Amino acid sequence: MLYSEYVFVAIFLMNLRYVATLWSLTIALLVLPSSSLAERTVAVTDVHGAYQDLLQVLQRSKVIDNNHRWTGETDSLVIIGDNLDRGPDSRKVLDLWIRLEKEAAKAGDEVIALLGNHEAMNMMPDLRYVADEEFAAFIPEESKAYREDIYQDFLRYSQREDNEESQEAFLEMYPPGYFGLVEAFAPDGYYGRWLLSKDVLRTVNGRIYVHGGISPQLLSLGLSEEELNQRFRNDLEQYATLYHELIDLGLFKHYFNKGERKQVARTLLNGDIQSRSLNRRSVLQKAEAFLDTSESLMLTTFGPVWYRGNIYCHLYSEQETLDKALNHFSAKQLLVGHTPDDSRLVRSRFDGKLILLDTGMLRTHYNGHPSAVVIEDDSLSVVNIDDSSATAPIPDPVRKPLYPNGLNDEYLSDFFNQAKVIKAKVLDDFYSNPIKLTFEHNGRSHNAIFKYLDSDPNMQQKKWHLRLGNVADRYIYDVAAYELDRMLGLYMVPFTMEYRYEGKSGILQYWIEDSVSRTQLIEKGESLYSFCNTQDAEDIMHVFDWLIYNDDRNTGNRLYSTDNGFLWLIDHTRAFRVKNGLPEYERPSPDYLSPVYRSKLEALNVERLEQALGNYLHKKQIQSLLIRRDKILDKFS
């Protein structure tokens, strides 16, 4: 072979390798999840029509200039949903995003607009939170003829006369622009089409952005990022499409809420609606499909735009869900909106693995602090237009609310030390006859239970008698349980303090209003709705009961807040036995111990426990507690 032929072959082979390399890189890029490789990312959420404050946030974050144009200084702008409802300028906000999306693309940057629950609500449509100004923005698009048709149908359906009273009732139900907005957010409407092109979850540089959160139920589906986004879009589009079709067919009325729509669809399928036009096979199929879609996990409170468990639930149980979510999407951090708190600041949980961005941007409704998060060179900072010093997220407590009825330990301590008893009721249906006391101070009143039974006074200072010590019933153990609960960071035992009433030494424990015991739930056959799994909370309780050797936990001393289902632990007067094994319970044993809970247990030692609990427990009890602690840690090693 000539030299020139060798050169040709070598170059040909090199080119083959070059093409193969390019092809493999192309394939790799195609199969990557929808992750961006941005260097500077800005994230905002929950604008709710607060257009003017949004402009300030974007200017301070260097996303737009003084003319409200894309600066090109940001690689990715992530909008984490809820641009709509409550505020007057929701349409302006959407129009801004649509324009900036185009300007960013021309600059080689990107605007990532994610769906929130209020975007979904407007499409479904569920218009409970739409302000009159938001409806009014769509008056130009509203068909007068269609509005008149709906009015005439309203008169027929409600058997009303066409008079001023009926017109006012119709306006109250359907403000001017109502039908224009509904059409604009329909799947084939201008904004509906745009929203249906958007994702619900996106990963950017190892950070997940999603409006509400990621629930265990969502993770159980095992969906990839692309599959999750497609599933959500499909379900949302199908619900909205079927809704409009069933409106046109006459089965639904515009004013039906989500529950009423399902009820009417079921009534039709049960054969209880006598209508030749509605009992056709095609209509029945649509009604059945509507019911199926309305039950989709994606559109429920455990879906990605509604779930609040990452924010509210106890860190010691929700840690497992968060870690699984981060592992599933190969991420290191989760950023969400959806839920402001009283601070109206950006917050963090799980040692910074979860960032909560909703600061209540719409001041007229939330009185919040419009903010953005900026991630530059992997460093996260906060831009708060009201407070330039608020540059970092503040840590959130282990669960929210941290205290029953929102009353913290310091407040209750001050209150009960200053307040006067205005009412007392002996609870003679309990063995120890505790007394429910009502206190009043400065126009406020709160209740507490007073316990005074002590089978072995000052036993902690005497020589330990094993047989007698392990059957003791002592009010002072409630204080010990409370103090240990706070040491472990559980915040599941209500505020408890030593107290004297009518010459008797005892303890006061805050009486949790609006709570129900497990016994009462069982007797009534009821359950409480909560984002947080009851079993998860009882697993935390289980470890605590192991630690204090509480063999008196029953359905009567497990209380649940009726508004959020949070578990509170009371009545520990027969705990703290000197037994080195772990008690056995009929309920199943937990199989997960969060890293933080483990670290709190590991930090317990004789010195700390004697300092905190020495006035309530014997040294033998403390030693036995530490032996049980070691056995608990071994169980989860």
Side-chain angles (χ1 to χ4, degrees), residues 397-399 401-419 421 424-425 427 430-439 441 445-460 472-502 504-515 517 537 540-541 544-545 547-550 552-554 556-561 566-576 600 608-617 621-622 625:
V398 294
R399 67 174 180 179
L402 186 60
Y403 302 97
N405 306 126
L407 304 176
N408 66 40
D409 294 343
E410 292 73 23
Y411 167 82
L412 290 175
S413 176
D414 290 342
F415 177 84
F416 288 127
N417 277 312
Q418 298 179 62
V421 176
K425 179 183 179 182
L427 305 180
F430 292 91
Y431 165 72
S432 58
N433 292 337
I435 306 172
K436 181 181 179 182
L437 301 178
T438 301
F439 292 79
H441 179 65
S445 65
H446 299 299
N447 296 317
I449 190 167
F450 176 72
K451 293 181 173 181
Y452 54 90
L453 176 65
D454 190 346
S455 63
D456 297 88
N458 298 316
M459 187 178 70
Q460 68 274 17
D473 192 332
R474 307 193 65 203
Y475 70 79
I476 208 72
Y477 291 165
D478 270 326
V479 184
Y482 163 75
E483 295 290 350
L484 184 58
D485 167 274
R486 296 305 190 260
M487 290 176 71
L488 295 172
L490 304 184
Y491 289 87
M492 295 174 76
V493 176
F495 171 76
T496 311
M497 62 180 279
E498 294 183 65
Y499 192 78
R500 285 185 65 84
Y501 175 67
E502 293 187 341
K504 296 178 181 177
S505 294
I507 61 99
L508 278 184
Q509 187 167 82
Y510 173 64
W511 183 281
I512 302 176
E513 309 295 342
D514 302 320
S515 67
S517 71
I540 298 172
M541 173 194 75
F544 184 63
D545 283 345
L547 183 68
I548 65 175
Y549 205 101
N550 183 19
D552 193 39
R553 181 72 66 205
N554 54 63
N557 52 36
R558 287 140 68 185
L559 303 183
Y560 300 85
S561 294
F566 279 11
L567 172 63
W568 306 99
L569 309 178
I570 63 171
D571 193 5
H572 300 93
T573 62
R574 298 177 184 176
F576 298 101
K600 293 285 188 180
R608 288 189 67 211
L609 290 173
E610 287 188 350
Q611 182 178 358
L613 310 180
N615 290 334
Y616 318 122
L617 300 181
Q621 292 173 295
I622 291 174
L625 185 150

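All values derive from a computational prediction rather than experimental measurement.
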### Task
Would you verify whether the NZ or CZ of K504 falls within 45 degrees of the ring axis of Y452 while also being under 6.0 Å from that six-membered ring's centre?
yes
### CA sep, side-chain torsions, deciding dist, call: F566, Y560, ring-ring contact (aromatic ring centres under 6.0 Å, His included)
CA-CA 5 Å; F566 279 11; Y560 300 85; over 10 Å; no
### Task
Show your working on side-chain hydrogen bond (donor to acceptor under 3.5 Å, both in side chains) between T496 and D478 and close with a plain yes or no.
CA-CA 7 Å; T496 311; D478 270 326; over 6 Å; no
Does a donor on one side chain sit under 3.5 Å from an acceptor on the other, for [X] and [Y]?
X: W568; Y: S515; value: no
X: D473; Y: S455; value: no
X: S505; Y: R500; value: yes

#### Entry: R486 versus V493, closest heavy-atom pair with distance
NH1-O, 2.9 Å
#### Entry: F439/Y499 under ring-ring contact (aromatic ring centres under 6.0 Å, His included): CA gap, chis, key distance, verdict
CA-CA 13 Å; F439 292 79; Y499 192 78; 5.8 Å; yes
#### Entry: N/O donor-acceptor pair under 3.5 Å between E498 side chain and I507 backbone
no
#### Entry: Non-hydrogen side-chain atoms of E513 and N405 separated by less than 4.5 Å
yes
### Within-4.5 Å side-chain heavy-atom neighbours: Y510 and I449
no
#### Entry: Chi angles and distances behind the side-chain hydrogen bond (donor to acceptor under 3.5 Å, both in side chains) call for Y411, H446
CA-CA 11 Å; Y411 167 82; H446 299 299; 2.8 Å; yes
### Query
Is the distance between the ring centroids of Y477 and Y616 less than 6.0 Å?
no
### Task
Count the heavy atoms belonging to other residues, nucleotides or ligands that lie under 6.0 Å from NZ of K425, then report whether that count exceeds 12.
no
